[in-house]
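Quick caveat: nothing in here was measured; it's all calculated off a predicted structure. Remember, it's 1-based here, ligands and their atoms both numbered in the order they're listed.
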Amino acid sequence: MTQSQQDPTGRLRHLLSLQGLPRDMLHTLLARAETYCAPAGQRAPRNTQLAGRTVANLFFEPSTRTRASFELAARRLGAEVLNLDISLSSTAKGESILDTLDTLLAMGVDAFVVRHTDDGLHAMLADFLGHRAALINAGEGISNHPTQGLLDALTIRRHKPALEQLTVTIAGDIRHSRVAHSAVHALTTLGVGELRLAAPAAALADDHLPGNRFTDLDQAVRDADVIMMLRIQKERMAAEQVPDTTQYLQHFGLTPERLALARPDAIVMHPGPMNRGVEIADSVADGPQAVIREQVANGVAVRMAVLEMLLD
Ligand code: CP
């Protein structure tokens, strides 16, 4: 764990990355999140654990799932929520992000949920906040999306608890995907059996990320238990790097024919937003093996567990 994630007692104070988080801490978070998963047909659990606390969402990049689920998570724990509209905030007049945080601290914010394009920014913000408030990384450049990694691990574990027996294939634009990075960190720490990273050669992960590399998706999905598809992160590529999306499904998308190579009970995941007909066929995204809507629901539960651990 990086020093800036802990307070002096060793307690998790900020959530910046899953890399280096101890396995028992991941298990604690996932077990707590389980308690916030609503049984089918029932209303989502809620309590007043964080009554009187204030959570601020600061999203410098677009988001649907992460932002909405952090807001619902905070409200379901009884906290107040501030959604700062960055385009209408004083950052548009040149105010630094540290001055923005300092201003909101003066109003009594207890936790900042931040998404930003800059890798490394979140650690700097956490150092600035110190013990005064919690910093939760809601997406950082290409490197970290820790609550996504947790919700992916929770979704896999709920379907297939024996992680050490699983073959998990993560496929798509791995190089530019913070989702892939955080999923790899979580699944490695939790001891998944085999991790496969599959991408066109130009989009494979850097060497420091663990996992067996594949450039042929047919090979990568063969006998897999879990297939996680990723979208092409056009916003993080130079124009000449963006692959031809008209050919992508045929070469590197999850079609019904490719899915048939995996184990018959394999689950199909996607963090969203999906580009249907590019990295995943409609019939697969909406098919019986897809757990994509469960991932979304589990995202609220995981974020409740994280807010509770950091603020309670
Ligand atoms: N998976 C994910 O981060 O989705 P959003 O960009 O909609 O938050």
So if I count the atoms of ligand 1 from 1 in the order they appear, which ones are less than 4.0 Å from some heavy atom of [X]?
X      : result
Gly272 : 1 (N), 2 (C), 4 (O)
Pro271 : 1 (N)
Gln148 : 1 (N), 2 (C)
Thr66  : 2 (C), 3 (O), 4 (O), 5 (P), 8 (O)
Thr64  : 5 (P), 7 (O), 8 (O)

Looking only at side chains, do Thr100 and Glu95 share a donor and an acceptor under 3.5 Å apart?
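The answer is yes; a qualifying pair exists.
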His145 side chain to Arg115 side chain, donor-acceptor N/O pair below 3.5 angstrom:
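Yes, Arg115 and His145 have a side-chain donor paired with an acceptor closer than 3.5 Å.
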One residue to check: Arg178. Relative to ligand 1, which of side chain, backbone, both or neither has a non-hydrogen atom less than 4.0 Å away?
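Neither part.
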Residues Asp173 and Arg231 bridged, charged N to O under 4.0 Å:
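No, this pair does not count.
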Got a salt bridge between Lys160 and Asp265, using NZ or NE/NH1/NH2 to carboxylate O under 4.0 Å?
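Judged by the 4.0 Å cut-off on N to carboxylate O distance, Lys160 and Asp265 do form a salt bridge.
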Test item: Arg303 side-chain N/O and Ala74 main-chain N/O as donor-acceptor pair under 3.5 Å
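No: the side chain of Arg303 does not pair with the backbone of Ala74.
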To check your reading of the model: name the closest protein heavy atom to atom 6 (O) of ligand 1, its residue, and the distance in Å.
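The closest one turns out to be Arg115 NH1, 2.9 Å.
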If you have a sec, work out which protein heavy atom is nearest atom 4 (O) of ligand 1 and how many Å separate them, to one decimal?
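Here the nearest protein heavy atom works out to Arg65 NE, 3.1 Å.
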Is the shortest N/O to N/O distance between Arg67 and ligand 1 below 3.5 Å?
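Between Arg67 and ligand 1 (N or O atoms, distance only) the closest approach is not under 3.5 Å.
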Within a 6.0 Å radius of atom CZ on Arg263, are there more than 12 heavy atoms belonging to other residues, nucleotides or ligands?
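Count not over threshold, so no.
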Is Glu61 close enough to touch ligand 1? Criterion: a residue heavy atom under 4.0 Å from a ligand atom.
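Checking ligand 1 against Glu61, which is what was asked, there is no heavy-atom contact under 4.0 Å.
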Just jot down the ring-ring contact (aromatic ring centres under 6.0 Å, His included) partners of His185, sequence neighbours excluded, or say none.
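ring-ring contact (aromatic ring centres under 6.0 Å, His included) list for His185, sorted by chain: empty.
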